[in-house]
Every structure is written in C-alpha cells, then in structure tokens.
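Just so you know, residue 1 is the first one in the sequence shown, and it goes up from there.
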Amino acid sequence: MENQYLPEGLLLGTARCRELTESLAGLRRAMEEGAIVEGMAVMCDASLDLHVRFPALPDAEGIIPRREAVFARPGETVKDIAILTRVGKAVACRVLSVGEPDEAGQVRVLLSRRLAQEECAARFVSALMPGDVIRGRVTHMEPFGAFVDVGCGLSSLMSVDAISVSRIDHPHDRLYNGQLIWAAVRAVDASGRLFLSMRELLGTWEQNAARFRAGQTVVGIIRSVEEYGIFVELTPNLAGLCELRDCDRRRIEAMKGRTAGVFIKSIIPERMKVKLVLIDGSAGDVPPQPRLDYFIRGDEVTHIDRWVYSPACAAKRVETVFGS
C-alpha cells in the first residue's frame, strides 16, 4: 500500500502543498477539499496553542489550538511535551477557517493537526497489516526503543531488539532523531497502535556474510564483552566473536562502542558464526551513525509474510513470521 499520509516534514516541499499554502485562495481551497497541508510550527504560547507559518505566505499566521494539536485514542492523555516539542518542526494539519486581513494585512488561519492525524489513523494506519513495509521518521528515543512517525505525526514504537540482529544498548547506537527509515509493521494492537521492526529489512545472515571473506582484516564495532569473548559488529545484522583473554578484559570493556580492527579467521554458515581475531587493541574512534543498507525497501517491496535470517544449512532456524 502506498502511504499517502507522510511523516511530518515530507509534505512541506511538495508541489501540492506549495500550491495550497502560497495564497489565501489556496488555503481556502484546502479547507473546502479537506486537504492536509504542512507548515512550520514557530512558537507555542502560554495557552499551549501552536503558531504556524507557511513559508510562501508570510502574512498568514496559522493557529493550532491546544485541543487540536494531537489526536488521542480512547484512554490516552495528551501530554504538554507532545505539543511543545513540535516547535521548530513541520506540522501536518487541516484548515478549519481562513480569516480576512486585519488593518496590518495579517490573516489568522485556524488549523487542526488532530483532524489530520485522525484521518491518517482511519484511512491509512487502520488498513495496515503485520508485514507491511512503510516509511517512517525517527522522532525520539528511549533505552527501550525508538518512536517513529508513520504519518502526520502519529507515533509508533520500534523496540530496541527489533532494530537489528546485532545487539545494541540503545537505539542511538543505530539511529538518530529525524532519520527517515523503512520499517515493517510487527504488530497492531486492539486500539490501532502500530509496533514496528527494522531488522528484517537489513539482510539475512548469508546476505551480510557475503560481503566478507576469511583472511580479510576489517573494521568492526565492539558491542559487548562476555565471559566467553567479544562481540564485534561487522554490519547491523552481522556480528562476529573474538576470543578474550582475562588480562585484556578491563581494557577491552573500555572500548565498548568504539571501532576496532579485526582479522576474519573463519566464516561458518552451518553455525552462523564469524570467528575473529582482535588486531587493534587500542581504543578506536567512536563510529559515526552506521549506514543502514536495506535489502528490502518499501518502494520495491510493500509486504513480507515471512523472513528467514538463518542459512538453509544452519542447524538453528531464526525467522520472523508476520501476523502469527
């Protein structure tokens, strides 16, 4: 399914949005058609009303009253922070009314973000099924997961274990706020909330292991230090194991989250193992945000029913069955 309800910020520069927000006539047309437009939230006043500007129409000031700022499902409470954090960002909204110019030539435009989100929930989100691949924008992160705007500012959770196969301590090890991502719908609860996953889009064990050969020395990221060895991430969906000597433990633990040079000793598909030898024992750089190389993209594949991470020859089977 094509997502016509884009994460906030993506509609702002489109020809359709510019056409409807570059004149008062365009805003009135948007009101009549019930079209969703975007502007920039430039201020939140003491009443928690958002003030919105349209880039091509400086004489118009949009107002989103507090009650119209956020769509809440039954039982949900809108927190002030959900409104305050929109300042300086694009907001999707419906036009409720367009006033006449005052003596200074300023025009007040009444807007509703809530109605845009309500429409997105009813027409787009409610039709999604587990396994659908959609576009999203990371809005904020907590240790347990990343919150992702899936359309018009509607937020969905992607838990930290669903971000990649290679284990990370915090979503910011893999993502950053404002990042556009592809994600698969992991589940939909009874109230219509989405839960997302990205690991299924970042390649199987074989696809990732095919990038490497035994005998190579490559750069990895030290992700964890265990009793039996050091896990080094080669790609978001592939990690290898280095042996760890007790005398090195304290020094290596200090390198967690940093890069290190590793020698690939062997690649064993039957056991889904990559054996490594730590070459560079000094603390490396803190890596930039890892590039996300998608093997499945929503502009090419809109739905997956099943994803098998493990090779066919492996004794252990690792897979995701959507909707099960």
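Side chain of E38 to backbone of G9: a donor-acceptor contact under 3.5 angstrom is found. Side-chain N or O atoms of Q117 include one that pairs as donor or acceptor with a backbone N or O of F71 at under 3.5 Å.
For the pair F195 and V188, the minimum side-chain heavy-atom distance is 4.5 Å or more. In this structure the side chain of M141 never reaches within 4.5 angstrom of the side chain of V160, judged on heavy atoms. Looking only at side-chain heavy atoms (C-beta outward), L180 and R135 come within less than 4.5 Å of each other. Looking at heavy atoms from C-beta onward, R223 lies in side-chain contact with D173 at the 4.5 angstrom threshold. Proximity of L27 to T21: side-chain heavy atoms (C-beta onward) are separated by under 4.5 Å at one or more points. Side-chain contact between V150 and L196 is present, with at least one heavy-atom pair separated by less than 4.5 Å. Looking at heavy atoms from C-beta onward, R211 lies in side-chain contact with D293 at the 4.5 angstrom threshold.
Taken from CE in M255 to CD1 in I230, the straight-line distance is 7.5 Å, to the nearest 0.5 Å. Here the straight-line distance linking atom SG of C93 with atom CG of L11 works out to 9.5 Å at 0.5 Å rounding. C313 SG to E270 CD: the interatomic distance, rounded to the nearest 0.5 Å, is 4.5 Å. I181 CD1 to Y176 OH: the interatomic distance, rounded to the nearest 0.5 Å, is 10.5 Å. To the nearest 0.5 Å, the span separating CG on L115 from CD1 on I36 amounts to 9.5 Å. Separation of atoms OG1 (T204) and CD1 (I296) is listed at 9.0 Å; rounding is to 0.5 Å.
If you chain together hydrophobic residues whose side chains sit under 4.5 Å apart, V138 and V125 fall into the same group. Note: the hydrophobic cluster containing L10 does not contain L12 (ILVMFWY, side chain heavy atoms under 4.5 Å, direct or indirect links). Note on W182 and F295: separate hydrophobic clusters, where clusters join Ile, Leu, Val, Met, Phe, Trp and Tyr whose side-chain heavy atoms are under 4.5 Å apart, directly or indirectly. I83 and V87 fall within a single hydrophobic cluster, where Ile, Leu, Val, Met, Phe, Trp and Tyr side chains are chained together by heavy-atom contacts under 4.5 Å. Transitive grouping of hydrophobic side chains (ILVMFWY, heavy atoms separated by less than 4.5 Å) keeps I63 and V78 in distinct clusters.
The side-chain hydrogen bond (donor to acceptor under 3.5 Å, both in side chains) test applied to K256 returns D169, not counting sequence neighbours. Judged as a side-chain hydrogen bond (donor to acceptor under 3.5 Å, both in side chains), and not counting sequence neighbours, the contacts of S112 are E68. Applying the side-chain hydrogen bond (donor to acceptor under 3.5 Å, both in side chains) rule to S156 yields no partners; only residues at least two apart in sequence or on another chain are considered. Listed by chain and residue number, M272, V308, A314, R317, V318 satisfy the side chain to side chain contact (heavy atoms under 4.5 Å, CB included) test with S310 (two or more places apart in sequence, or in another chain). Residues forming a side chain to side chain contact (heavy atoms under 4.5 Å, CB included) with S47 (at least two apart in sequence, or on another chain): D45, D49. Here H303 pairs with nothing under the ring-ring contact (aromatic ring centres under 6.0 Å, His included) rule; sequence neighbours left out. Considering only residues two or more places apart in sequence or on other chains, F212 meets the side chain to side chain contact (heavy atoms under 4.5 Å, CB included) condition with Q216, V218, L234, T235, L238, I264, I267. For R137, there are no side-chain hydrogen bond (donor to acceptor under 3.5 Å, both in side chains) partners two or more places apart in sequence or in a different chain. The side chain to side chain contact (heavy atoms under 4.5 Å, CB included) test applied to R53 returns V42, E61, not counting sequence neighbours.
Residues R29 and E22 are not paired through a salt bridge, judged by the lack of any N-O separation under 4.0 Å between the basic side chain and the carboxylate. A salt bridge does not link K89 with D149: every distance from a Lys NZ or Arg NE/NH1/NH2 to an Asp or Glu carboxylate oxygen is 4.0 Å or more. Of the charged side-chain nitrogens involved, at least one lies within less than 4.0 Å of a carboxylate oxygen, so that E119 and R123 count as a salt-bridged pair. For E33 and R16, the salt-bridge test passes: some basic side-chain N is under 4.0 Å from an acidic carboxylate O.
The shortest non-hydrogen separation linking G323 to P130 is N-CB, 3.5 Å. Closest approach of A41 to V91, counting heavy atoms only: CB-CG1, 4.1 Å. Shown here for D132 and A127, the closest heavy-atom pair between the two residues is OD2-O, 4.3 Å. The two residues N237 and G203 come nearest to each other via the heavy atoms ND2-O, 2.8 Å. Scanning both residues, A162 and M158, for their nearest heavy atoms gives CB-CG, 4.2 Å. Here the shortest heavy-atom pairing between P143 and P171 reads O-CD, 3.8 Å.
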Worked verdict on V95 versus L111 for side-chain contact (heavy atoms from CB on, under 4.5 Å): CA-CA 5 Å; V95 180; L111 306 168; 4.0 Å; yes

task: Evaluate side-chain contact (heavy atoms from CB on, under 4.5 Å) for Q207 paired with L202, printing each intermediate quantity in order.
output: CA-CA 9 Å; Q207 286 172 327; L202 300 179; over 6 Å; no

message: Let's go through L278 and V262 carefully: what are the C-alpha distance in whole Å and the side-chain angles of both, what is the deciding distance for side-chain contact (heavy atoms from CB on, under 4.5 Å) to 0.1 Å, and is it a yes or a no?
response: CA-CA 5 Å; L278 187 65; V262 290; 4.1 Å; yes

- request: Take D59 and V107 through the test side-chain contact (heavy atoms from CB on, under 4.5 Å) and record every step on the way to the result.
  value: CA-CA 6 Å; D59 292 335; V107 176; 5.7 Å; no

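Side chains of S164 and R174: a donor on one and an acceptor on the other come within 3.5 Å.
The environment of R167 atom CZ is sparse: at most 12 non-hydrogen atoms of other residues, nucleotides or ligands sit within 6.0 angstrom. Counting heavy-atom neighbours within 6.0 Å of R67 CZ, excluding the residue itself, gives a total of 12 or less. Within 6.0 Å of atom CE in M129, 12 or fewer heavy atoms from other residues, nucleotides or ligands are found, so the atom counts as exposed in its surroundings.
Below 30°, between 30° and 60°, or above 60°: for F124 and Y5 the angle between ring planes is between 30° and 60°, a tilted geometry. Using a 30° and 60° split on the angle between ring planes, Y309 and W307 fall in the tilted class, from 30° to 60°.
Hydrophobic clustering, defined by side-chain heavy atoms of Ile, Leu, Val, Met, Phe, Trp and Tyr closer than 4.5 Å, leaves I81 isolated from every other such residue.
For residues 186-196, the salt bridge (Lys or Arg N to Asp or Glu O under 4.0 Å) pairs, not counting sequence neighbours, are E76-R193, D161-R186, D189-R193. Here salt bridge (Lys or Arg N to Asp or Glu O under 4.0 Å) pairs that include residues 296-307, with residues two or more places apart or in two chains, are R297-D299, R306-E319.
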